[in-house]
Amino acid sequence: MENPPPPASTSSKQDKKDSLVYEYFKKRREFGKQTLFEDQGPELIVNIPGNPAVYGNYVLRNPVHVAIQNTGTMSEHWVNSERAEYTTSGMNHIEGGWPKDINMNDPEATLRYRRKIEKDDAYIHAVMHLGHSMEHNILQNNAMDMYQIYYSELPPIPPVEHSTCHTVNVYREPGTRRPVRSLSWQSDGGAKLASAHADIDLVKNSRTQQFSYIWDIENANAPELVMKSLSPLLDLQYNPRDQHTLVGGMVNGQVGWWDMRKGGEAVGICPPHVAHRDLVRNVLFINSKTGAEFFSSSPDGVVKWWDTRNMNEPTDSMIIDLVKAPTDPQSIENALGISALEYEPTIPTRFMVGTETGLVIGGNRKGKNPVEKLPNRYEAHLGPVYALQRNPTFLKNFLTVGDWTARVWSEDCRESSILWTYSHRTKLTDGAWNPIRFSLMLVTQWDGCLSCWDLLRRRSAPIVTAQICDEPLLRLRPHEGGLLVACGSSKGTVYLAELSQNLGTADKNDKQLLTHILERENKRERILEARMRELRLRMRQDRDGGPQVNESDPTANDKDLEEATAEYTQMVSNLQAKENGQANQS
């Protein structure tokens, strides 16, 4: 490397600095003018051709780092050294210019004099002469304000929607990584999340103490509280009326309740001889005056109601056994295993269960006989029903998730669902409605994806599919605010995902639009059901060889079919009239 040149003296620096001073003056009237730019092609300033005679003096270097600048760096600076002095003073404006014989305080006298002057020809010439100078002064102040909002009367253009879903936080189970079996948010929009972990295959014969956790969503480093139980918890639910109490169902069939103010130990657990015969998959609080009653379900086919004030025995129980006659007894040996449980507080005596055989059964706690206790039955899926939830706004419609599809059902149509998704390549594990945007379905998949289906925007495919993790997602639970969704994986990790604003909020017309969609699909399914009943009746008549003419038409009193027929006939008549009118005009 070459040695750097010695520093210049102070005097030489000062002379160089003085020689670079450039003063720029500009008149005041030149300020604020619009800058106009024009396109101009390249201009060749200097062209120095190469000298072949000096090629031998160059040494080839690789790599070479050279900084090249076409022109020297220049800067410009200006200072307004003249200061203007301003003073504030008042002004007394008195109307003048009136003749002495006119009293300017008399409006009638001034009006008569003004009319007299306006009729004079000199007045017209004076006004026209003063108009030019006045227009000049007005145009000087007519400058455009760049911060002013122009054309405010035009309607605003709706912004382009960008539907997104991304992970904002991750909560990992300390120590062993067991699958997440249940998630529950604290009531009244709380910021705490309860997660139940259990590995059923490894802990059936283990007597070691198992843990579940209460997380603060703002602190992912460690859980806020550790819930202890002798058997792993498969479900853990917050009390909707009390933010500090929870109920849970265990692998050994027992149920219990916890109070966060008293620590992680269970406050009350039912005795083993009154517990379920199999593991407890679901527990839910019911609508009661005390807020202390809940019910539980199990693959043993029995639903039991409990009271946290007395856990020695259940207050009521019901066997999920479908019998044909009201006098037929129900048997626990023929009971259907329960895999999902649903309860709506606004309908206190009714509930719904999803079975391991793919059936969804509606229950009525106040029924007098087995047929009245289990009045409804829906053949939902080919395998177990993993998720079952009513729509928070349209209570007659409920969502089921099983096998490879998610379906939307109506209580009026029992033979088929009114809306459904396509068959996925991977198994669906859980699903739920968004509590704020009630047209949005959230579904978790075995490949670790969270898909969002919006019935108002698109029904053929999800509006957003987010890859949350690589391991299977087993559970999801949306927050009451609508923007946050908690997802639990098979490796004990809870992922907190955030939806975009358009997916977590509802518009004023959403309820009306979704009402029309559900009513239209409901009517379509009822018409198809009536047609299928007619075809089955004809097939049965052909098989039995009975008369067909005297049989009554099963669709004769179907109002939906009559309305659809009348609507179709009216539509065809309007189209024919329109075509005839166009032909006459041509």
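Because the structure is predicted, anything quoted here is derived from the model rather than measured.
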Expected list for residues 491-498: side-chain donor-acceptor pairs under 3.5 angstrom, two or more places apart:
unit_1: Tyr495; atom_1: OH; unit_2: Glu471; atom_2: OE2; d: 2.8

Could you list the donor-acceptor pairs under 3.5 angstrom formed between side-chain atoms of residues 243-255 and any protein atom two or more places apart in sequence or on another chain?
unit_1: Gln243; atom_1: NE2; unit_2: Ser187; atom_2: O; d: 3.0
unit_1: Thr245; atom_1: OG1; unit_2: Asn239; atom_2: ND2; d: 3.3
unit_1: Asn252; atom_1: OD1; unit_2: Gln254; atom_2: N; d: 3.2
unit_1: Asn252; atom_1: ND2; unit_2: Gln254; atom_2: OE1; d: 2.8
unit_1: Gln254; atom_1: NE2; unit_2: Cys270; atom_2: O; d: 2.7

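Atom OG1 of Thr421 is separated from atom CE of Met441 by 6.5 Å, given to the nearest 0.5 angstrom. Atom-to-atom distance recorded for Trp404:CH2 and Leu428:CG is 10.0 Å, nearest 0.5 angstrom. With values rounded to the nearest 0.5 angstrom, Ile468 atom CD1 is found 11.0 Å from Asp447 atom CG.
If you check the side chains of Thr164 and His162, you find no donor sitting under 3.5 Å from an acceptor. Side-chain contact of Ser163 with Ser500: a donor-acceptor pair under 3.5 Å is absent, judged by distance alone.
Screening Phe285, Tyr343, Trp306 against Phe295 for a ring pair (Phe, Tyr, Trp, His ring centres under 6.0 Å) leaves a single residue, Tyr343.
Between the side chain of Thr429 and the backbone N or O of Trp446, no donor-acceptor pair lies under 3.5 Å.
Looking at Asn364 and Thr349, their side chains come closer than 4.5 Å, going by heavy atoms from C-beta outward. Between Ser212 and Ser229 the shortest side-chain heavy-atom distance does not fall below 4.5 Å. Side chains of Met352 and Thr400 form no contact here, defined as non-hydrogen atoms less than 4.5 Å apart. Between Lys228 and Trp258 there is no side-chain heavy-atom pair separated by less than 4.5 Å. The closest side-chain heavy-atom distance from Pro314 to Val274 is below 4.5 Å. For the pair Ile269/Leu230, no side-chain contact is recorded, criterion being any heavy-atom separation below 4.5 Å from C-beta on. Residues Leu499 and Asn434 are in side-chain contact: their nearest non-hydrogen atoms beyond the backbone lie under 4.5 Å apart. Within the 4.5 Å cutoff, the side chain of Trp420 has no heavy atoms near those of the Thr405 side chain.
Ion pairing between a basic and an acidic side chain is recognised when a charged N comes within 4.0 Å of a carboxylate O; Glu525 and Arg407 show no such pairing. Look at Arg350 and Glu411 and you find a salt bridge, because one of the NZ, NE, NH1 or NH2 atoms lies within 4.0 Å of a carboxylate O, short of that distance. Ionic pairing of Glu529 and Arg526 is not present here: no N-O contact between side-chain nitrogen and carboxylate oxygen is shorter than 4.0 angstrom. Salt bridge Arg475/Asp235: absent, no basic N to carboxylate O contact under 4.0 Å.
Crowding of Arg425 atom CZ: a count of heavy atoms from other residues, nucleotides or ligands under 6.0 Å not exceeding 12. Residue Arg172 qualifies as open at atom CZ: its count of foreign heavy atoms under 6.0 Å is 12 or below. Annotation for Arg277: atom CZ does not count as buried by contact number, only 12 or fewer foreign heavy atoms lying within 6.0 Å. Other residues, nucleotides and ligands contribute more than 12 heavy atoms inside 6.0 Å of the CD atom of Gln467. Around CD of Glu379, the count of heavy atoms belonging to other residues, nucleotides or ligands within 6.0 Å does not exceed 12.
Remark: aromatic rings of Tyr386 and His381 are distant, center separation not under 6.0 Å. Proximity of the aromatic rings of Tyr422 and Trp453 is defined here by a centroid distance below 6.0 angstrom, and this criterion is met.
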Criterion salt bridge (charged side-chain N to carboxylate O under 4.0 Å, His left out) on Arg459 and Glu521, from CA distance to verdict | CA-CA 12 Å; Arg459 285 177 284 170; Glu521 297 298 329; 3.3 Å; yes

Would Arg520 and Glu567 satisfy salt bridge (charged side-chain N to carboxylate O under 4.0 Å, His left out), going step by step from the backbone distance to the final call?
-> CA-CA 13 Å; Arg520 182 178 68 248; Glu567 183 178 355; over 6 Å; no

Before giving the answer on side-chain contact (heavy atoms from CB on, under 4.5 Å), spell out for Trp215 and Leu183 the whole-Å C-alpha distance, their side-chain angles and the decisive distance to 0.1 Å.
-> CA-CA 11 Å; Trp215 297 88; Leu183 295 170; over 6 Å; no

Applying salt bridge (charged side-chain N to carboxylate O under 4.0 Å, His left out), run through Asp454 and Arg437 and close with a yes or a no.
-> CA-CA 9 Å; Asp454 197 335; Arg437 186 168 186 80; 3.0 Å; yes

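The list of ring-ring contact (aromatic ring centres under 6.0 Å, His included) pairs with a residue in residues 507-537, not counting sequence neighbours, is empty.
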